Each structure stands twice: as structure tokens, then as C-alpha cells.
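Worksheet: the structure to be examined is printed underneath.
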Amino acid sequence: MSWRKLPVSLTELCLDTTLRCGQSFRWRKSEDNIWSCALHGRILSLRQDSTQLHYQAVFPDTCNAPPTPPSSVPSSEYQVEEDDTEDLVRHYLNLGPSLVELYEQWSSADLNFKKKAPKFTGVRNLKQDAWEALIGFICSSNNNIIRISQMMDKLCKQYGPCIGHMDSRPFHDMPKPSDLAHPSVEAHLRQLGFGYRAKYIYQTAVMIANEHEPGWLDSLRNPESPVRGCKIASAGPMRPEGREGYRTAHAELLALQGVGPKVADCVCLMGLGWGEAVPVDTHVWQIAQRDYKFGKGKHRSLTQATYDAIGNHFRGLWGQEAGWAHSVLFTADLRVFSERLTAAVEVLEVKKEEEKDDSHIEAHIDAHEDVKSEIKLEVEDKKRRLAAEEVTQTPVSKRRRKVLSSI
DNA sequence: CGCGGACCTTAATA
DNA sequence: ATATTAAGGTCCG
């Protein structure tokens, strides 16, 4: 029940960015900045300060302790089970690589990355369960992060096991493929507001539960990035189009209903450990046109050839973890973080403290004068939207609106 | 191989 | 107030 901790700086991991940037869709944040999610049979909770990541696992039903092992299980084996939360955290958050070093590497190779990344440090590429990633990203087509999250919540509440409660709210884990392979599922999901994705989810569940061998999905994983344990085998040499295992996994996934090139790449990148997978969605297509000279001549529209060319270009630029670098730029392009580009985030943070005077706010803003001028056009472009957002969304203090309009 | 339309829902935008 | 658009696309002809 007690919290444990790992030393992690905010530049190595920023939970608030990583857990909101559209990689995963099941984390919930409570009042006091605690993120929680039902994962591997427990409710995992995370929070962080400037120097440490705090984590806690609450297991169901047994006084907040891990399940009692059957007496037949040797205690030595059980010890591993009991203490695997740290491993789970390290693995899920992909804490192995030095993110500062990776950012340096990507920045030295790419001026655009160097320009955009400083406002979006600590974006980690989560190593999620492949099945969860598959369903999550099938839901993502023509959709937004809020609704995707709501859909995943409904799916788990309807079909997944309840792991426990926090703040008087139930936490359900992901249902298994066989739980969704019943013919009634499609109509039910449609009734729950999944739209045309209901059929995709049902058909994909049938494929994985009934058509493929058990373990098929995980067999597509990067052997250098196994679910548990350490590296089993080499993933082979890097090529412009990615390693062989990645290409195979991508091609296999395409056979599933509701899985096109973009969703397949998301599953490869965030569920199967293929760091070179580069999902090209509307955001990345915009980025490729705006910052990397795509959108003309041969690559006027986002055809399959253009899609592949963009991935190849980014792999050539950023290397084996190109998909991770892509996630950083994708995050920088997300609407929910757009205010970060306007320095309004400083105002937000100051506002939370409630008792600061305007001189403080001005100081915060002035500190980013250089950034502001550099992206002045973008600020102009988004300022109007932001201001409108403030008026229509939540009641905002006059002070904040005033500051915004003065940027 | 590339194009255009349909496809579910919802909330912001015009 | 009501129509249109956009939200991490895919499928089909």
C-alpha cells in the first residue's frame, strides 16, 4: 500500500505530458496529480516531483497486498511476483534509455526537432500491452483523444475485470480478446457509441481469439524488447524501411479489420517495441508538409508511397528510435498542448498558486521573450482560438484573459 | 497504384 | 440557431 520511488528527473520523464499525449487512453488523473490505471491485475498509481517518480500498486481484495500464492507455489517464485511492480513500472514507462541523450541525438541531426523539443521534454515512448494498443488505436480513427479514452473506459467497464476502486470509482482492466469475440459485442458496442469501430473491434477480437494461434500478437514483437525478461535475440540490421521483423509485423497487422498503415504503425511502435515505426496521421502529415518539404510534386497527397517516404525520411534523420522522436513532435502539435507554445502555460501554473501578483506573471512571460518572437506567427495563429477557448470552456479569471491578450 | 466517398459521434467553429 | 468541420483513418469501388 505504501508508495515507493525511483529517481527520475523531469527531463527524463514527464508524466503529465507522456500520459496525455495520445499514446495510452486509460490513465486517469485524480485531484492531487496522481495518475492511476488498472494494469496487470492491480491499480497502478504514479506521481512525480522534480527528482523522483513515486509509484504504488493496489491489488484487489487482499488488504492491498499482492494475491496470496497457492501453498504449492514455492516462496522463491512468489517473491518475484510480489516485487514485480518496479519491473512493471520500468518496463511500461520504458525507463531504460537516457531520454536526454536521445533528445541530444535527434537535435543534432535535425534543426526542427532541436527547435520544437525544448518545450516538450520528458516524452517517453510507453511500452504498452500490444492488444490494448491495438484496440485503442482501432478506436482512434477519425476520433479525438477524449472520446477514445471514453470508449476505452466503456469497453473495460462492460467487458473487463474490476480490479478495485479509487475515489469511489471502479477500475477495470482490459478485457481479453476472447471476451470480445462474442457475436453480441458488435451491436452492444455500437449502442455504446463506438460507431463503425464496433465491427472492427469485434472482428479483430475474433481473429485474435479464434483464428490465430495463442500468442500470435506477441510473436510479432521486437525480440530485443520482450514482454518480460531480457533480450532474447537480435532484431537484425536497420534498413531505410525498417528492420525485417518490423516490416513483417506491420504487414501481418494490416490483415486485421480496422487496421490500416497508421494504426499498424501505432501498434508496432507502442505495443510491439519497434522503435522505427513512424505512424503518419493528419498531424504528422501536416508536420511533414510544414517542416520537411513534403506535400509537393511526387508527394502532393498522402498516398501509400508518400506515407512510406515520410517514414523512410524520418528513419534516415532520427535513426532506430525514429518513432519515439516522432512522438515528441506529434505531442508538440497536439491541440491540448498548444498553449505551451504561447507561454500561457506559465500563466496557468502561476494561476494555480492563486496568490501571485501580476508582476510575477509578467516576469514569467518575459523570461520566454526569445521563444515568443521565434514562433510569433504561430502564436498569432493560435491566440484567437485560445482566447475563445477560455471564454467558452471554463470560467477564467479576468486576469488571465488580460494576460493572454497582452502576449 | 491512386482517388473519392462513406462511415459513427461529438464538440467546436462558422 | 443550424450547418459544417475536425478529431491520431480505414474500407471499398
Side-chain angles (χ1 to χ4, degrees), chain A residues 17-26 120 123 125-126 128 132-155 185-204 207 250-251 253-271 277-289 295 297-311 314 323-324 326-338 381-394:
Chain A
T17 310
T18 302
L19 265 24
R20 289 196 302 148
C21 70
Q23 291 191 60
S24 59
F25 304 100
R26 295 199 303 122
F120 297 89
V123 177
N125 215 179
L126 301 176
Q128 301 176 69
E132 174 176 349
L134 177 58
I135 297 303
F137 286 106
I138 284 177
C139 289
S140 75
S141 77
N142 253 314
N143 211 343
N144 58 73
I145 294 175
I146 301 295
R147 183 156 80 116
I148 300 165
S149 303
Q150 291 169 345
M151 287 162 69
M152 289 296 275
D153 193 53
K154 287 180 188 171
L155 186 79
V185 167
E186 179 182 340
H188 186 205
L189 291 181
R190 216 167 234 284
Q191 196 257 326
L192 289 172
F194 280 63
Y196 57 80
R197 304 164 196 84
K199 188 198 292 186
Y200 296 156
I201 292 171
Y202 165 65
Q203 291 177 328
T204 291
M207 288 293 286
H250 191 266
L253 290 170
L254 286 181
L256 300 172
Q257 288 301 302
V259 179
K262 186 269 176 182
V263 169
D265 270 325
C266 285
V267 176
C268 283
L269 177 62
M270 293 166 240
V278 178
V280 180
D281 62 5
T282 60
H283 289 284
V284 179
W285 173 230
Q286 301 296 326
I287 292 169
Q289 293 175 90
K298 208 93 224 136
H299 300 125
R300 172 169 297 275
S301 61
L302 186 48
T303 64
Q304 184 59 57
T306 304
Y307 186 104
D308 294 336
I310 293 173
F314 285 150
W324 194 335
H326 138 284
S327 293
V328 177
L329 292 190
F330 171 84
T331 300
D333 207 59
L334 274 185
R335 183 107 183 258
V336 281
F337 299 122
S338 66
D381 183 39
K382 294 183 177 180
K383 192 168 68 176
R384 189 174 300 120
R385 285 202 325 236
L386 256 181
E389 204 171 305
E390 297 312 326
V391 175
T392 55
Q393 265 190 349
T394 57

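Letters A, B, ... mirror the listed sequences (proteins, then strands); counts begin at 1. Keep in mind the model is a prediction, meaning the values are calculated, not measured.
Judged by distance alone, with hydrogens and angles left aside, A:R147 brings a side-chain donor or acceptor within reach of the base of B:dT9, the pair sitting under 3.5 Å. No N or O donor and acceptor, one from the side chain of A:Y200 and one from the base of C:dG9, sit under 3.5 Å apart.
Counting all heavy atoms, side chain and backbone alike, A:R20 lies closest to A:F337 at NH2-CE2, 3.1 Å. Nearest approach of A:H250 to A:P261, heavy atoms of both residues: NE2-O, 3.1 Å. Closest approach of A:I138 and A:Y200 over heavy atoms only: CG2-CB, 3.7 Å.
Separating the CG atom of A:N144 from the C1' atom of B:dT13 is a distance of 15 Å, rounded to the nearest angstrom. A:Y196 has its OH atom 7 Å from the C1' atom of C:dT10, to the nearest Å. Atom CG in A:D153 sits roughly 17 Å away from atom C1' in B:dT10 (whole-Å rounding). Regarding A:L302, its CG atom lies at a distance of 10 Å from the P atom of C:dT10, rounded to whole Å. Between the P atom of B:dA11 and the CZ atom of A:R335 lies a distance of 14 Å, rounded to the nearest Å. Taking atom CG of A:L253 as the reference point, atom C1' of C:dT10 lies 14 Å away to the nearest angstrom. Atom CE of A:M151 is separated from atom P of B:dA11 by 13 Å (rounded to the nearest Å).
Listed nucleotides: C:dG8, B:dC3, B:dG2. Nearest to the side chain of A:S301: B:dC3. Here the nucleotide nearest the side chain of A:N142, chosen from C:dG9, C:dG8, B:dA12, is C:dG9. With C:dG8, B:dT13, B:dG2 as the choices, the nucleotide that has an atom nearest any side-chain atom of A:D281 turns out to be C:dG8.
Residue contacts shown for A:A305 are limited to sugar-phosphate atoms, with no base heavy atom under 4.0 Å away. Nucleic acid contact class of A:C139 (heavy atoms, under 4.0 Å, all strands): none. The residue A:G258 sits close only to the backbone: its heavy atoms come under 4.0 Å of sugar-phosphate atoms, none of a base. Nucleic acid contact class of A:Q191 (heavy atoms, under 4.0 Å, all strands): none. Counting non-hydrogen atoms under 4.0 angstrom, A:V259 reaches the backbone sugars and phosphates but no base. Nucleic acid contact for A:P261: sugar-phosphate only, since backbone atoms but no base atoms lie under 4.0 Å from a heavy atom of the residue.
Comparing C:dT5 with B:dG5, their P atoms sit 13 Å apart, to the nearest whole Å. Between B:dT13 and C:dG8, the distance separating the two P atoms is 13 Å to the nearest Å. Taking atom P on both nucleotides, B:dA6 is separated from C:dT4 by 14 Å, rounded to a whole Å.
Between A:S140 and A:Q257, the one whose closest nucleotide on DNA chain C sits nearer the 5' end is A:S140. Between A:I146 and A:L256, the residue whose closest nucleotide on DNA chain C is further toward the 5' end is A:I146.
Considering CD1 of A:I145 and CD of A:Q23, their distance stands at 10.0 Å, rounded to 0.5 Å. With rounding to the nearest 0.5 Å, the separation of CZ in A:F314 from NE2 in A:H326 is 8.0 Å. Annotation: the span from A:T282 atom OG1 to A:I287 atom CD1 amounts to 9.0 Å, rounded to 0.5 Å. Between the SG atom of A:C139 and the CD atom of A:Q150 there is a distance of 12.0 Å, given to the nearest 0.5 Å.
Secondary structure note: stems in DNA chain C built from 3 or more consecutive Watson-Crick or G-U wobble pairs under 3.5 Å occupy B:3-7 with C:9-13, B:9-14 with C:2-7.
Put simply, the side chain of A:M152 reaches to within 4.5 Å of the side chain of A:E132, judged on heavy atoms. Between A:F194 and A:I201, some side-chain heavy-atom pair lies under the 4.5 Å cut-off.
Regarding contacts with the backbone of C:dG9, a side-chain N or O of A:T282 is found under 4.0 angstrom from either OP1 or OP2. Under 4.0 angstrom from either OP1 or OP2 of B:dC8 there lies at least one side-chain N or O belonging to A:R190. The phosphate of C:dT10 has neither OP1 nor OP2 within less than 4.0 Å of any side-chain N or O from A:S141. Note on A:R197: every side-chain N or O is 4.0 Å or more away from OP1 and OP2 of C:dA7.
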